[in-house]
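Notes follow the structure.
Start at 1 with the first residue, then count along the sequence.
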Amino acid sequence: QVQLVESGGGLVQAGGSLRLSCVASGRPFSSYAMGWFRQASGKERDFVAGISRSDGSTVYSDSVKGRFTISRDNAKNTLYLQMNSLKPEDTAVYYCAARFAYGSSRSASGYNYWGQGTQVTVSS
């Protein structure tokens, strides 16, 4: 079993920044690839960013590329999402997810474990 706990969400003005964290416990953190997803009210859960389990290869959705940065610290069992130049359309609940594979996936169904989510609200 893997437990994931997100933090760092909040209310920020457009153009501002936030850094989300996701602390993992259970199986060794370096054994699984990670992803961030988000779900706005009334919408489906969408892929945001993913990172491989060891070499740090990353992928991003087109909507966040150049503004968000995903990273991980395997020694601290922690995944991060640095979000800059935030826009009102970034408002959503953000989830981290883990999958037992080398690389990340853009599909939510490709992940085995999920955190409880953290709310990000961007005001205009």
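Of all non-hydrogen atoms in P88 and S124, the two that sit nearest each other are CG-CB, 3.8 Å. E6 approaches G117 most closely through the heavy-atom pair OE1-N, 2.9 Å. Across T69 and Y60, no two heavy atoms sit closer than the pair CA-OH, 3.3 Å. Smallest separation of non-hydrogen atoms from A40 and A92: N-CB, 3.7 Å. R106 and V59 make their closest contact through NH2-CB, 3.9 Å (heavy atoms, listed as atom of the first residue, atom of the second, distance). Considering every non-hydrogen atom in both A108 and W114, the closest pair reads O-CZ2, 3.4 Å.
At least one side-chain heavy atom of L86 sits less than 4.5 Å from a side-chain heavy atom of L18. Q116 is listed as a side-chain neighbour of V5, based on a closest heavy-atom distance under 4.5 Å.
A single hydrophobic cluster is not seen to contain both I70 and Y111; linkage of ILVMFWY side chains at heavy-atom distances under 4.5 Å, directly or through other members, places them apart.
Scanning for salt bridge (Lys or Arg N to Asp or Glu O under 4.0 Å) contacts around K65 gives D62, with sequence neighbours left out. Residues meeting the side chain to side chain donor-acceptor pair (under 3.5 Å) test with S17, sequence neighbours left out: N84. Checked against ring-ring contact (aromatic ring centres under 6.0 Å, His included), F47 has the following partners two or more places apart in sequence or in another chain: F37. Y113 is linked by a ring-ring contact (aromatic ring centres under 6.0 Å, His included) to F100, counting only residues two or more places apart in sequence or in another chain. With sequence neighbours left out, S61 forms a side chain to side chain donor-acceptor pair (under 3.5 Å) with S63. Applying the side-chain contact (heavy atoms from CB on, under 4.5 Å) rule to S85 yields the partners R67; only residues at least two apart in sequence or on another chain are considered.
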Given side-chain contact (heavy atoms from CB on, under 4.5 Å), test N112 with V2 step by step and report yes or no.
CA-CA 9 Å; N112 307 98; V2 173; over 6 Å; no
Under the side-chain contact (heavy atoms from CB on, under 4.5 Å) criterion, do W36 and I51 qualify, and how do the steps go?
CA-CA 9 Å; W36 285 102; I51 188 166; over 6 Å; no
Which is it for R19 and L81 under the side-chain contact (heavy atoms from CB on, under 4.5 Å) test, yes or no, and what are the steps along the way?
CA-CA 6 Å; R19 188 176 81 156; L81 184 68; over 6 Å; no
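Without hydrogens or angle criteria, T121 side chain to L11 main chain gives no donor-acceptor distance under 3.5 Å. Put simply, the side chain of R99 gets close to the backbone of G103: a donor and an acceptor are under 3.5 Å apart.
No side-chain donor from either of S123 and Q13 sits under 3.5 Å from a side-chain acceptor of the other. Under 3.5 Å, the side chains of Y32 and R53 contain no donor-acceptor pair of N or O atoms. Inspection of the S109 and S107 side chains reveals an N or O donor paired with an N or O acceptor under 3.5 Å. Side chains of Y102 and D55: a donor on one and an acceptor on the other come within 3.5 Å.
Expressed to the nearest 0.5 Å, how far OG of S25 lies from CG of N77 amounts to 8.0 Å. With values rounded to the nearest 0.5 angstrom, M83 atom CE is found 7.5 Å from D90 atom CG. Distance check, rounded to the nearest 0.5 Å: CG of D73 to OG of S30 gives 11.5 Å. Once rounded to the nearest 0.5 Å, the distance linking OG of S71 with CG of L79 reads 7.0 Å. A distance of 10.5 Å separates CE in M34 from OG in S104, rounded to the nearest 0.5 Å. Atom CG in L4 sits 11.0 Å away from atom OG1 in T78 (nearest 0.5 Å).
F68 and Y94 have tilted rings, their planes meeting at an angle from 30° to 60° on a 0 to 90° scale.
For the pair R38 and Y95, the cation-pi criterion (under 6.0 Å, within 45° of the ring axis) is not fulfilled.
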